[in-house]
Amino acid sequence: MNDARLNDDANERGSAQNHGASVGLTADKITIRGGIPLVGRIEVKGAKNLVTKAMVAALLGETPSVLKDVPNISDVRIVRGLLEVHGVKVTEGAEPGDLILDPVDVESAHFAAIDAHAGSSRIPILFCGPLLHRLGEAFIPDLGGCRIGDRPIDFHLEVLRKFGAVVEKQPNGIRMSAPNGLKGAKLELPYPSVGATEQVLLTAVRADGLTELKGAAIEPEIMDLINILQKMGAIITVDTDRVIRIEGVERLLGYNHRALFDRNEAASWAAAALATDGDIFVGGARQPEMITFLNVFRKVGGAFDICDDGIRFYHPGGDLKPVIIETDVHPGFMTDWQQPLVIALTKAHGTSIVHETVYEQRFGFVDALVEMGATIQIHKECLGGHPCRFGQRNFNHSAVITGPTQLHGADIVVPDLRGGFSHLIAALSAEGTSTVSNVGIISRGYENFIGKLRLLGADFDLEG
Ligand code: EPZ
């Protein structure tokens, strides 16, 4: 451990853990000495996949909004930059992790400024509806995001056109205008896309008339965005058949909202506890949004205690057991939960199957695990309970994991956010030393993960 870096981070860590201050990750490579159980308490803040959308929603208000429990992650910093180039004033609130978003002086932004801030985020596409309402135009650069499939935006463009937007593809992005304003529409999604559902919500709340969305996504992050929009003055109903209806209103005001906790981060640390024979208390985690994960965690051999201020995840001893997992939309097993859990499955006594039905190419991370000694085969067939969209389309979207295997240290390069966290877990649970490079990607979605690893007793050095 580099002592100077340790001291700096240690000072930061105290404030970061207690107050959520940022711990910028300057290093991009970590050398990890594995085999140490992770034990201790960490805190999770607001959900990456909610707070970024909540920040965009502030554009719709005529007065400032306050968003609480915002994690200091690069996805938030990217959206903050995009809001600021559009004239939104973003300042820190009274409590650490609080953001004040003042949209009073919203203005068009130059393409170059938008492109400079968009980075690897997919969130810019969600600016369309609010900017079309506020300014009558929007420009969206070509999008980034983790390479876990093609990640098209056809559903987004389709619904925006139905609201009355004019969409023009340009060499470096998409320009939109709404010459006649935006009108409520009858919509149906071919797949319950989270992003496309958010696109509809952020556009319909100020559109003229009623919008009906069939085949909507209803993830907890979507429901929390609906909480926020309702606070602003929106009228939204969610029916039992997952049809969302929105009555457009004339004006919306700013909101004051504490963000839903990050269940993906909570599940990632739970998986780390299981894979390292550890015991991690995740402050801020709540049972209702994690029921499906908790069932699988228990079936694999993990144990958990639900407390008022969080959830304790631990390996109570005994062999880990194989499971068959099929990812799905909520309330199914989230696609973002499978990568970190796969490491524990390499230690399970028997054969597990993960059938990834949400993204067509989300097993790129297993190559490094096989190098570390895991026995994992990837298949094009739908190996699970139900055939999915990818079955006849030549995508390697089912994994067969045979255990138990003992992982050994290796040199790993992080491919994407959740796969990258699974690589950290693999290095932490492996025998010997691993170097994990390109770890900057992990700070896109895991606030101060370095400080948290230190708190939990991991043995590592930062490099680069
Ligand atoms: C959100 O991505 C999350 N990201 C993802 O988390 C999450 O895995 C995903 O929802 C599913 O829960 C954010 O919220 C920023 P989708 P999103 O639209 O909205 C296809 C993480 O690690 N599709 O529900 O992009 C798409 O290709 C990230 O935190 C279209 O075909 O997901 C995919 O196969 C990873 N056309 C499926 O739908 C479209 O226009 C689900 O995508 C849009 C989507």
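All of these numbers come straight from a predicted model, not from anything done at the bench. Ligands are counted one by one from 1 in listed order, and the atoms in each one are counted from 1 as well. Note that these values count all heavy atoms, side chains included, but never hydrogens, waters or copies made by symmetry.
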Do any nitrogen or oxygen atoms of Gly195 lie less than 3.5 angstrom from nitrogen or oxygen atoms of ligand 1? yes
Of the listed options Ala196, Pro152, Gly445, closest to atom 43 (C) of ligand 1 (non-hydrogen atoms): Pro152
List for me each residue that meets side-chain hydrogen bond (donor to acceptor under 3.5 Å, both in side chains) alongside Asn256, sequence neighbours excluded, and say none if there are none. Lys68
Decide, yes or no, whether a salt bridge links Lys48 with Asp262 under the criterion of side-chain N to carboxylate O below 4.0 Å. no
Counting distance only, does the side-chain N/O of Lys231 pair as donor-acceptor with the main-chain N or O of Gly254 below 3.5 Å? no
Considering only heavy atoms, does Lys53 approach ligand 1 within less than 4.0 Å through its side chain, its backbone, both, or neither? side chain
Please determine whether any non-hydrogen atom of Arg362 lies less than 4.0 Å from an atom of ligand 1. yes
Is there a side-chain hydrogen bond (donor to acceptor under 3.5 Å, both in side chains) between Glu381 and Ser398? Walk through the geometry before answering. CA-CA 7 Å; Glu381 290 74 19; Ser398 292; over 6 Å; no
Minimum heavy-atom separation for Gly129 to Thr203, with atom names? CA-OG1, 3.4 Å
Examine distances only and state if a side-chain atom of Ser429 and a backbone atom of Thr276 form a donor-acceptor pair shorter than 3.5 Å. no
May I ask you to identify, for Asp336, whether its side chain, its backbone, both or neither come under 4.0 Å of ligand 1 on a heavy-atom basis? side chain
Could an N or O of ligand 1 be found under 3.5 Å from any N or O of Glu219, whether backbone or side chain? no
Heavy-atom pairs closer than 4.0 Å: do any link ligand 1 to the side chain of Tyr191, the backbone, both, or neither? side chain
Output yes when the distance from some N or O of ligand 1 to some N or O of Asn264 is under 3.5 Å, and no in every other case. no
Between Trp269 and Phe421, what is the ring plane arrangement, given parallel below 30°, perpendicular above 60°, and tilted in between? perpendicular
Hey, which atoms in ligand 1 end up nearer than 4.0 Å to a heavy atom of Arg122? 25 (O)
Residues Glu198 and Lys53 bridged, charged N to O under 4.0 Å: yes
Describe, in one word, how the ring planes of Phe365 and His423 are oriented to each other, choosing from parallel (under 30°), tilted (30 to 60°) and perpendicular (over 60°). tilted
Would you say Ile123 has any N or O atom under 3.5 Å from an N or O of ligand 1, going by distance alone? no
I need the full list of side-chain hydrogen bond (donor to acceptor under 3.5 Å, both in side chains) pairs touching residues 209-229, with sequence neighbours left out, sorted by first then second residue. Lys186-Glu212, Glu212-Arg245, Glu221-Arg263, Asp224-Asn227, Asp224-His257
Looking at ligand 1, is there an atom of it that comes within less than 4.0 Å of some heavy atom belonging to Ala217? no
Considering Asp416, Val358, Thr335, Ile125 one by one, which has a heavy atom nearer to atom 37 (C) of ligand 1 than any of the others? Val358
Report yes or no: does a heavy atom of Glu198 sit under 4.0 Å from some atom of ligand 1? no
Arg389 to ligand 1, any heavy atom closer than 4.0 Å: yes
Specify side chain, backbone, both or neither for His156, according to which of its non-hydrogen atoms lie closer than 4.0 Å to ligand 1. both
Could you tell me whether ligand 1 has any atom less than 4.0 Å away from a heavy atom of Met334? yes
